[in-house]
Amino acid sequence: MKTRRQIPSPSLVLCKQSGRLNVLFNGRADGRLNAGHAGVLLAERRGSYPPIDLRILKTNSQPGEVESGTRRKLKRLLSFQRYCHASRLLRGLMPHTPGSLHLLDDDYLGQAAHMLSKVDTWNFDIFLFDRLTNGNSLVTLMCHLFNVCGLIHHFQLDMVKLHRFLGMVQEDYHSHNPYHNAVHAADVTQAMYCYIKETKLAEQLTPLDVFLGLMAAAAHDVDHPGVNQPFLIKTRHHLASLYQNTSVLESHHWRSTVGMLRESGLLSHLPADMSQDIEQQLGSLILATDINRQNEFLITLREHLDNQDMDLQLATHRHFILQIALKCADVCNPCREWELSRQWSERVCEEFYRQGDLERKFDLEISPLCDQQTDSVPAIQIGFISYIVEPLFEEWQRFTEPSMLSQIMMGHLHKNKACWSRLRYVHTLAETKTHPHAEEPEPEGGQEEAEDIP
Ligand SMILES: Nc1ncnc2c1ncn2[C@@H]1O[C@@H]2COP(=O)(O)O[C@H]2[C@H]1O
């Protein structure tokens, strides 16, 4: 079977001879075609966007020649994020992260620890947690969850390697993305933990399932460029050709994760077949988050529920339900309480609008939902809830038979939808005032329920 990992990644490389950045579109010149799997994977995970993948050409050192420390350091591949950080430091600029302000004190840590004692509650405020942990919500949350789930002990994980791996994952999220950033990953991980703890699942899941579920949640959007797949395809981004225009971003998130796993050596003590299996299963979970595959998963889930043939003793069925759980966690923001949900909605729309602005600037067709002038936040939310979130969570609720958590989530979902309906009405009304010839909107259902909207 042809695997994607054999396809070389075109990129910008730092040419050893000239010391300049060169574009290599066929990947042949960088010598990675002959590299082993690990080498290719390591190279693949590096910076996708802006489309710069800074890597050093294979050196001409003879076999057996001892490399100098400097050269070894140069050969270390840098992600775009880390490259920016390093270049800022080289230029004598302090990073603009809150970390440099040394704000974190015992008080903050105490409050963060207190929050972690309630990490399995649905009203967990990930934005507050991120502030209390000084922007380290993903690393802190994952270390805590791995600990409470007994995964460190079970898999005999090296804490230093775990920390290194999680640090790389967190750092490779783009903090400038309003939505697809490390806080979103932490939010999805916290939701995934809540789902894993559901009675229906908790009794059946093995430590490996829990490990995979949390890892996939934490890494499922790593190195997301803040634009969607159609944008990458129409701008002929190298990732689109690398992954043949199919699950482009999800493939990149997965391959990046595998690269980081290997680089950190987190699983190096496990038998090779086990770590390979983990890599493959992580891929299958992360690829399931491709929103274009929503129907495929929904239909299968419905069939299982209608036929009542879900048998969680079977590894394949547990894997399927983990895929569904991750999909739910990924789009659960409309099921959060209004204040949290609203923030995610505004963030995701801001990211859409930024893409739309880019498209306008470069005379490209503006993608659906990305035109700030025509696609309002409330309208986007109502569409997203009605066509994506509601159908999925209705089935999830059936699966949990229904659990208390499912009922709480559905309650928030309906209330939030009503709030957005009310806001859409207000928004359209305002539009008709600005454009007097436009038709006045009919009052929309649910506005009574939405009276607590600020
Ligand atoms: N609140 C939301 N409103 C609209 N779209 C959303 C919202 N939350 C998530 N999404 C979309 O759901 C998609 C899930 O997969 P992605 O992370 O690739 O991209 C996500 C967004 O495009």
Side-chain angles (χ1 to χ4, degrees), residues 115 118-130 137-138 141-142 145 173 178-198 200-202 210 213-221 224 250 253 285-286 288-291 293-294 297-298 301 320-349 351 377 380-400 402-420:
M115 284 191 77
K118 297 178 178 185
V119 70
D120 56 353
T121 52
W122 191 245
N123 59 3
F124 190 86
D125 184 344
I126 200 69
F127 298 111
L128 174 60
F129 185 68
D130 193 61
S137 52
L138 187 58
L141 177 70
M142 277 292 277
L145 295 180
Y173 276 95
Y179 180 82
H180 285 107
N181 52 43
V183 189
H184 164 63
D187 185 51
V188 172
T189 306
Q190 192 271 337
M192 190 68 177
Y193 179 64
C194 293
Y195 300 159
I196 281 171
K197 294 261 292 182
E198 285 277 25
K200 195 80 195 293
L201 271 180
V210 176
L214 294 177
M215 285 284 258
H220 80 284
D221 268 336
H224 196 294
E250 293 74 20
H253 305 319
L285 291 174
I286 294 175
T289 62
D290 182 348
I291 206 75
R293 296 177 63 197
Q294 175 86 350
F297 281 98
L298 206 52
L301 177 60
F320 174 72
I321 214 67
L322 276 182
Q323 288 177 313
I324 297 291
L326 181 58
K327 289 177 65 55
C328 287
D330 192 22
V331 297
C332 75
N333 62 75
C335 301
R336 297 282 191 183
E337 62 182 32
W338 172 253
E339 259 319 303
L340 298 173
S341 180
R342 185 187 54 80
Q343 292 186 59
W344 288 120
S345 300
E346 282 168 3
R347 283 166 173 274
V348 79
C349 292
E351 200 168 293
V377 177
I380 293 174
Q381 292 316 295
I382 291 163
F384 182 65
I385 290 174
S386 308
Y387 296 109
I388 304 286
V389 187
E390 249 173 354
L392 182 62
F393 277 85
E394 271 162 12
E395 301 308 324
W396 178 257
Q397 190 177 26
R398 267 174 85 195
F399 166 71
T400 60
S403 66
M404 179 72 87
L405 174 58
S406 287
Q407 292 178 57
I408 291 172
M409 290 193 301
M410 288 310 269
H412 287 313
L413 185 65
H414 293 141
K415 192 153 181 278
N416 293 340
K417 190 177 174 186
C419 285
W420 289 119

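Since this is a predicted model, take the numbers as computed values, not measurements. Residues take their numbers from the sequence shown, with the count starting at 1.
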To the closest 0.5 Å, what do you measure between CD (Gln397) and SG (Cys328)? 11.0 Å
Looking only at heavy atoms, the pair that brings Pro334 and Asn416 closest together is O-ND2, 2.8 Å
So do the side chains of Met404 and Ile408 get within less than 4.5 Å of each other, counting heavy atoms only? yes
Considering only heavy atoms from C-beta outward, does the side chain of Leu326 approach that of Val188 to under 4.5 Å? yes
Residue pair Glu351, Arg347: steps toward the salt bridge (charged side-chain N to carboxylate O under 4.0 Å, His left out) verdict: CA-CA 6 Å; Glu351 200 168 293; Arg347 283 166 173 274; over 6 Å; no
Tell me if a side-chain donor or acceptor on Ser341 pairs with a main-chain N or O of Glu337 at a distance below 3.5 Å. no
Side chain proximity check, Phe393 to Cys335, heavy atoms < 4.5 angstrom: yes
To the nearest 0.5 angstrom, please state how far the CG atom of Asp221 sits from the CG atom of Asp330. 6.0 Å
Restricting to non-hydrogen atoms, name the atom on Glu395 and the atom on Leu298 that form the minimum distance, rounded to 0.1 Å. CG-CD1, 3.9 Å
For His184 and His180, take the angle between the two ring planes, folded into 0 to 90°, and tell me which bin it lands in: parallel under 30, tilted 30 to 60, perpendicular over 60. perpendicular
Check against side-chain contact (heavy atoms from CB on, under 4.5 Å), Phe129 and Gln190: CA-CA 11 Å; Phe129 185 68; Gln190 192 271 337; over 6 Å; no
Looking at Ala185, is its backbone amide N or carbonyl O close enough to the side chain of Thr189 to form a donor-acceptor pair, meaning the two atoms are under 3.5 Å apart? yes
Side chains of Asn333 and Tyr179 only: does a donor on one sit below 3.5 Å from an acceptor on the other? yes
So, are Glu394 and Arg398 salt-bridged, with charged N and O less than 4.0 Å apart? no
Show your working on side-chain contact (heavy atoms from CB on, under 4.5 Å) between Ile126 and Leu340 and close with a plain yes or no. CA-CA 9 Å; Ile126 200 69; Leu340 298 173; 5.9 Å; no
Going by heavy atoms in the side chains, are Trp338 and Gln343 under 4.5 Å from each other? no
Distance check, rounded to the nearest 0.5 Å: Ile385 atom CD1 versus Leu413 atom CG? 5.5 Å
Nearest heavy-atom approach of Glu250 to Thr289 is CG-OG1, 3.7 Å
Could you tell me how the ring of His224 sits relative to the ring of His253: parallel (under 30°), tilted (30 to 60°) or perpendicular (over 60°)? parallel
Trp344 six-ring centre to Arg336 NZ/CZ under 6.0 Å and within 45° of normal: no
Kindly determine whether Lys417 and Gln381 satisfy side-chain hydrogen bond (donor to acceptor under 3.5 Å, both in side chains), including the steps that lead there. CA-CA 8 Å; Lys417 190 177 174 186; Gln381 292 316 295; over 6 Å; no
Is any side-chain heavy atom of Val331 closer than 4.5 Å to one of Phe384? yes
Locate the shortest heavy-atom distance separating Ala288 from Lys327; write the atom from each residue and the value. O-NZ, 3.2 Å
Least distance between heavy atoms, Leu285 atom then Gly213 atom: CD1-N, 4.4 Å
Roughly how far, to the nearest 0.5 Å, is the CG atom of Leu392 from the CD1 atom of Ile324? 6.5 Å
Go through the steps for Leu301 and Ile321 under the test side-chain contact (heavy atoms from CB on, under 4.5 Å), then give the verdict. CA-CA 8 Å; Leu301 177 60; Ile321 214 67; 4.1 Å; yes
Six-ring centre of Phe399, Lys200 cation under 6.0 angstrom, axis tolerance 45°: yes
Any residue meeting ring-ring contact (aromatic ring centres under 6.0 Å, His included) with Tyr193, in chain and number order, not counting sequence neighbours: none
The test is side-chain hydrogen bond (donor to acceptor under 3.5 Å, both in side chains); show your working for Glu198 and Ser403 and say whether it passes. CA-CA 7 Å; Glu198 285 277 25; Ser403 66; 2.8 Å; yes
Heavy-atom closest pair, residues Ala218 and Tyr173: O-OH, 2.7 Å
Side-chain (His220) to main-chain (Ala217) donor-acceptor, under 3.5 angstrom: yes
Would Val377 and Trp420 satisfy side-chain contact (heavy atoms from CB on, under 4.5 Å), going step by step from the backbone distance to the final call? CA-CA 8 Å; Val377 177; Trp420 289 119; 3.8 Å; yes
Is there a side-chain contact between Leu405 and Lys197, using heavy atoms and a 4.5 Å cut-off? no
